[in-house]
Each structure stands twice: as structure tokens, then as C-alpha cells.
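Letters A, B, ... are given to chains in the order of the sequence lines, protein chains preceding strands, and every chain is numbered from 1.
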Amino acid sequence: MVMISILIGCLLGAIIGINVPTISYTYSSYLAIAVIAALDSVFGGIASVINKKFDIKIFISGFFGNAILAILLTILGQKLNVDIYLAAIVVFVWRMFTNLGIIRRYYVEKWTENFKKSKQQEKIKEEKT
Amino acid sequence: MNNNKTTSIVLGIMCMALTIGICIQIRTVNSYSTIKTGQNYDQNNLRAEVLKYKEKYENKIEQIEKIDKDLEKKIEQATNDNENLEDAQNQIKEGNKLIGLTEVTGEGVIITLTDSKLDATTALDPSSLVVHDMDVYYIVNELKNAGAEAISVNGQRIITTSAIECGGNIITINGEKIGSPFEIKAIGLPENLANLNRTGGYLEAMRKSSVGAELKKSNDITIPKYTGIINYKYAKSIE
């Protein structure tokens with residue numbers, strides 16, 4: 001259910017994104033950091049769905065809050081001549097890997113369990129025959 | 001179940017927003033990086049800086065065009081009722097056309113000059129393989145002699161104060177840098193202008209030294225207006 005909706009969302013987004021006019025180059029660095037922040041939020045959301053701790057309010061506020069904070073930090077960094085966006089990218093990517101690890105562990109455990117179950121069933125069948 | 005549904009819908013919408021952002025970003029970056037991105041951090045920064053200035057410059061030009069249009073409208077409004085002023089306005093229009101401040105269209109010729117495709121290292125005189133400022137200068141002069149009323153080189157209108165200078169591997173006209181291929185457009189009687197292509201003419205001499213020089217007649221040529229500022233400081237009109 002969740003995965004299907006994510007897939008549909010991605011497809012729709014790609015179709016809309018290809019047909020929308022491009023933005024000016026000045027703002028592309030801000031959009032880039034916002035995209036990274038949003039990506040982190042989405043991975044966090046999927047991980048929390050798996051952990052059954054998903055809260056819509058936290059998810060939406062995190063999605064927009066992270067993106068806006070990242071953009072503001074980038075602007076501040078440009079004003080101060082410090083590349084603060086690098087720090088933001090490091091944090092976001094680190095969290096992305098953590099969340100990806102949670103998602104991966106969940107599915108690997110699920111599959112191995114399924115595999116074990118099917119093997120046991122086969123054994124039972126063999127014993128019966 | 002209801003909770004699960006809202007969760008998936010919200011996640012789907014967020015994913016949509018995310019992919020929209022990614023797509024726009026990819027297309028923006030693609031459309032601006034025509035040159036290969038350098039490995040060097042400084043190089044990339046400089047490139048980004050140049051792109052930003054280019055964008056600002058284009059925005060400024062758009063603004064100027066808008067203001068020009070506003071001015072024209074204002075002048076039209078002000079002269080709507082008065083016949084005397086209408087005469088003056090027509091004079092201004094005519095004058096602007098003569099000094100190259102309006103876009104003009106008509107029949108004429110298009111001359112395309114391209115650097116030779118031969119390998120410069122094998123040539124006896126590598127300098128003869130490229131289009132020089134003097135080539136463009138000579139052709140513009142011949143076009144004027146043949147009765148051209150408006151001339152432009154790579155979109156730069158030739159006006160009374162235009163200079164054609166050498167700038168290393170490029171040519172500077174009206175202070176703007178232009179490079180090969182050079183497209184010289186001229187409006188005038190096409191049969192007269194096409195005489196540049198005559199046997200023993202300058203274009204043939206260029207072709208002999210394996211520089212590309214093509215002349216094409218056209219019924220519909222549009223020559224852009226001069227975008228710079230014409231400043232007369234020392235010449236004063238005699239009353």
C-alpha cells in the first residue's frame with residue numbers, strides 16, 4: 001500500500017517535473033539543498049512507517065522545516081562566505097544511510113523468515129509423504 | 001486501516017514533490033552546463049559566477065526593452081491629439097531607422113564566413129586560414145558601396161560609430177565579442193549586393209585561401225537594432 005503510493009507519487013512527480021519550466025541558475029543551489037533535505041525526510045518517513053512510529057504531523061513539519069532550514073543555512077553561508085551547505089549535506093546523507101539501513105534490515109529479516117517458513121513447510125510435506 | 005491510507009497518501013504526495021524538485025533541478029543544471037563541468041572546485045565556482053552575471057545581464061536587457069516599449073507608448077499617447085507632434089513623431093521614427101535604433105526588415109543577402117576546416121599545422125601560412133577583422137571590414141565596406149541600407153554582423157548592427165576591431169582569436173564589433181562563423185546580413189537590392197560574389201571578387205579570393213565564404217539571397221531578412229548608447233560629446237550642431 002505504502003510502496004504503491006510512493007511509486008505512483010514518483011511517477012506523477014517525474015511527469016510534472018519534466019513539463020514544468022526550469023528555474024533560474026541563481027536559485028538552483030537552493031533547490032538542490034532543499035531536494036536533499038526532502039529526500040532525507042522521505043526516507044525517514046518510510047523508516048518510521050516500518051517501525052510503526054509514523055506521525056503525519058512530525059513528517060510534514062520535518063519535510064518542509066528541514067528544506068527551509070537548509071535553504072536558509074545555504075543563504076547564510078553565502079553571506080558569511082562559509083560553505084555551510086556542506087555540513088547540511090553531510091548530516092542529511094548520514095541520516096539517509098541510517099534510515100536506509102533500518103529499511104534494509106526490516107526487509108532482509110522479513111525475507112529470511114519467509115524463506116525459513118517455506119523450507120519448514122517443505123520438510124513437513126516430505127515427512128508426510 | 002484509515003490511518004494507513006492517509007499515511008500512504010501523504011507519503012505519495014511528498015514523493016511527488018520530491019521528484020518534481022529533482023526533475024527541475026536536473027533540467028536546470030543540464031540547460032546551463034553546455035560545457036563539460038570541470039574537476040576543479042575553483043573552476044566550477046568561476047563558471048557559476050559567470051552564469052549568474054550572464055543571467056543578470058540578460059534580465060537587465062529585458063528591462064531596458066520593456067522601458068523602451070513603455071516610452072514608445074507614452075510618446076504615442078502624448079502625440080495622439082496633436083497634428084504637429086505627429087509630424088515630429090514620424091520624424092523621430094524616420095531618424096531612428098536611419099541611425100539604426102529600430103529593427104528593420106526587407107530583402108537582401110546573407111554572407112557567411114567560416115574559418116577554414118584545414119589543419120592549421122600543415123598550412124604554409126596558418127593566418128590565411130581564419131577570418132580576420134579586415135575581411136569583415138572589407139566586405140561591410142563593399143556592401144555599403146553596393147547600396148546596402150542596413151548591415152549586421154552576428155546580430156551586431158553596423159551604425160555610424162561602429163568599429164570592427166581585431167581581438168585575438170575573435171572580432172570586436174560595437175564593443176561586443178563575436179566569433180566564427182560570421183553571418184553578415186545586409187538589406188538592399190539583392191541583385192546589386194550579390195555582385196560581391198563576382199569572379200575575381202573578394203569572396204572568391206577568400207574561398208581560394210580555403211576560408212568558407214557563402215552568399216545567399218533572401219527575401220526576408222530581419223536586422224536587429226543597435227542596443228548600445230550613441231553619445232555625441234564633441235560634435236555640436238550648427239544653428
Inset, instruction - Flag the one option from B/I26, B/V10, B/I9 with the top tally of heavy-atom pairs under 4.5 Å to chain A. - result: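 The option with the most such pairs is B/V10.
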Roughly how far, to the nearest 0.5 Å, is the [atom2] atom of [Y] from the [atom1] atom of [X]?
X: B/L18; Y: A/F63; atom1: CG; atom2: CZ; value: 6.0 Å
X: A/N19; Y: B/R27; atom1: CG; atom2: CZ; value: 7.5 Å
X: A/I18; Y: B/I20; atom1: CD1; atom2: CD1; value: 11.0 Å
X: A/S28; Y: B/K52; atom1: OG; atom2: NZ; value: 8.0 Å
X: B/M16; Y: A/L12; atom1: CE; atom2: CG; value: 6.0 Å
X: B/S8; Y: A/I8; atom1: OG; atom2: CD1; value: 9.5 Å

Inset, instruction - Pick one of side chain, backbone, both or neither for B/I13, based on which atoms fall under 4.5 Å of a heavy atom in chain A. - result: neither
Inset, instruction - With a 4.5 angstrom heavy-atom cut-off, could you sort out which part of B/A48 is near chain A: side chain, backbone, both or neither? - result: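 Backbone plus side chain of B/A48, per the 4.5 Å heavy-atom cut-off to chain A.
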Inset, instruction - Identify which of A/I4, A/I46, A/V20 forms the greatest number of heavy-atom pairs closer than 4.5 Å to chain B. - result: A/V20
Legend entry - Top of A/G45, A/A32, A/A67 for chain B proximity - count of heavy-atom pairs under 4.5 angstrom: A/A32
Legend entry - side-chain contact (heavy atoms from CB on, under 4.5 Å) evaluation trace for B/L11 with A/F59: CA-CA 9 Å; B/L11 263 176; A/F59 176 63; 3.6 Å; yes
Legend entry - Heavy-atom proximity to chain B below 4.5 Å, by part of A/Y30: neither
Inset, instruction - Check each atom of A/V49 against the heavy atoms of chain B and say whether the ones under 4.5 Å are side chain, backbone, both or neither. - result: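 Side chain only.
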Inset, instruction - With A/V35 as reference, evaluate B/I24, B/T19, B/I22 under the side-chain contact (heavy atoms from CB on, under 4.5 Å) test and give the passing residue. - result: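 Filter result, single survivor: B/I22.
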Legend entry - Test item: A/L31 and B/T28 side chains (from C-beta on) under 4.5 Å apart, heavy atoms: no
